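The structure under discussion appears below in the form of structure tokens.
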Amino acid sequence: EKGGYDHFMLKEIYEQPDAIRDTFRGRMLVDQGLIKMAGIDDHIDKFLNAKRIIIVACGTSWHAGLVAEYVFEELARIPVEVEYASEFRYRNPVIDKEDVLIAISQSGETADTMAAIKLAKESGAFVFGVCNVVGSSISRETHAGAYTHAGPEIGVASTKAFTTQITVLTLIALQLAKKKGKISTSDFHTYLNELETIPEKVAEALTSNEHIEKVAEIYKDAKNCLYLGRGFNFPVALEGALKLKEISYIHAEGYPAAEMKHGPIALIDEQMPVVVIATKKGHYEKVVSNIQEIKSRSGKIIGIVTEGDVDVRNLADHVIEVPETIEFMTPLLTTIPLQLLSYHIAVKLGKNVDQPRNLAKSVTVE
Ligand code: F6R
């Protein structure tokens, strides 16, 4: 059942090239230069007239929502707010009839997300679901939706659900950008062509597994760990930190790299591993100077870099390469080494990777 892998989590990490392909199969018609998504196309006016999009989710799905915020705003120029479903629900939010609410949930059963959906529906908003489990409560409660088609996710730590959520949300952002006339036909084609290569690039990123396992061996006894990223990769830093916390029980935090100087840099000493997502483009020079600030305080740098990178390699203690892609698609690649790093650290610490303590696969209490 684990297909030869030691854990479901590892199996699911390795399933990501296929899972992402399954997610855009039939929806992205690259030869015709088209995206077809019934859930969006049948309600296109709701999206085109929306003054804003509110995204609600929890945990890893909330991180996918943050990535989507950056992608929607970049491509489709629609204002997006991302909320923890639990907070949204309890803070008397302003919801307009013209708002579109997107709820993201792997299980489709998360109680807080469900409650946020009910609240939005009462206010007359159009509610769209991005779920993985077909026929789940959230997929039934929403007005329309798009499944991620990642296949069953058994490991409690979410992996392929995250990358396929980002894939679906990227398809939606591209479709809306096109319908709103915010991107040229030629850019649209370029993006579809690039998205089609992502599964191969994820597979390439997975080939760093043995190298990542060695890095994990070096840092497995750390008490704390920081994850830094900027722009599209800031949410990936949050997700990397969450993965480490939940399966290895090492305290980890994610920050936008530029926030370090506003406080967290005080934490840096020779005991502190700092995972920095430092891919090309994406404010690369700024991230390099953030790395210099950490090195000068003796922090240990694990850089997630673009293939062939030189500058970060010269500064960092370790680098893990991912293939080059268009900037807004980098989260689909930079996530992979962070999943593997957490996985190997947790395994080396003897933790129950698939069933971490205190956690359940779907959280049906509020
Ligand atoms: C993290 C994780 C949780 C879930 C969260 C939302 O690895 O599994 O943070 O992402 O409980 O769950 P869903 O997406 O099912 O609503």
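Values below: all heavy atoms of this structure, side chains included; hydrogens, waters and symmetry mates excluded. Note that the structure is predicted; figures quoted are calculated from it, not measured. In listed order, ligands and their atoms are each counted from 1.
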### Message
For His143 and Phe126, take the angle between the two ring planes, folded into 0 to 90°, and tell me which bin it lands in: parallel under 30, tilted 30 to 60, perpendicular over 60.
### Response
parallel
Quick check: does Gln165 get an N/O under 3.5 Å from an N/O on ligand 1? no
Check for me whether the distance between the ring centres of [X] and [Y] falls short of 6.0 Å.
| X | Y | value |
| --- | --- | --- |
| Phe47 | Phe128 | yes |
| His149 | Phe24 | no |
| Phe234 | Tyr255 | no |

Got the closest protein heavy atom to [atom], with its distance?
| atom | answer |
| --- | --- |
| atom 1 (C) of ligand 1 | Thr60 OG1, 3.0 Å |
| atom 15 (O) of ligand 1 | Ser107 OG, 2.7 Å |
| atom 6 (C) of ligand 1 | Cys58 O, 3.3 Å |
| atom 7 (O) of ligand 1 | Glu246 OE2, 2.5 Å |
| atom 12 (O) of ligand 1 | Thr110 OG1, 3.5 Å |
| atom 11 (O) of ligand 1 | Val363 CG2, 4.1 Å |

For [Y], is there an ion pair with [X] - N to carboxylate O distance below 4.0 angstrom?
| X | Y | result |
| --- | --- | --- |
| Lys348 | Glu213 | yes |
| Lys243 | Glu239 | yes |
| Arg52 | Glu81 | yes |
| Lys281 | Glu324 | yes |
| Glu12 | Lys160 | no |

Thr113 heavy atom under 4.0 Å from ligand 1: no
Contacting atoms of ligand 1, where contact means under 4.0 angstrom from a heavy atom of [X]:
| X | result |
| --- | --- |
| Val156 | 7 (O), 8 (O) |
| Ala157 | 7 (O) |
| Ser61 | 10 (O), 13 (P), 14 (O) |
| Lys243 | 1 (C), 7 (O) |
| Ser105 | 13 (P), 14 (O), 15 (O), 16 (O) |

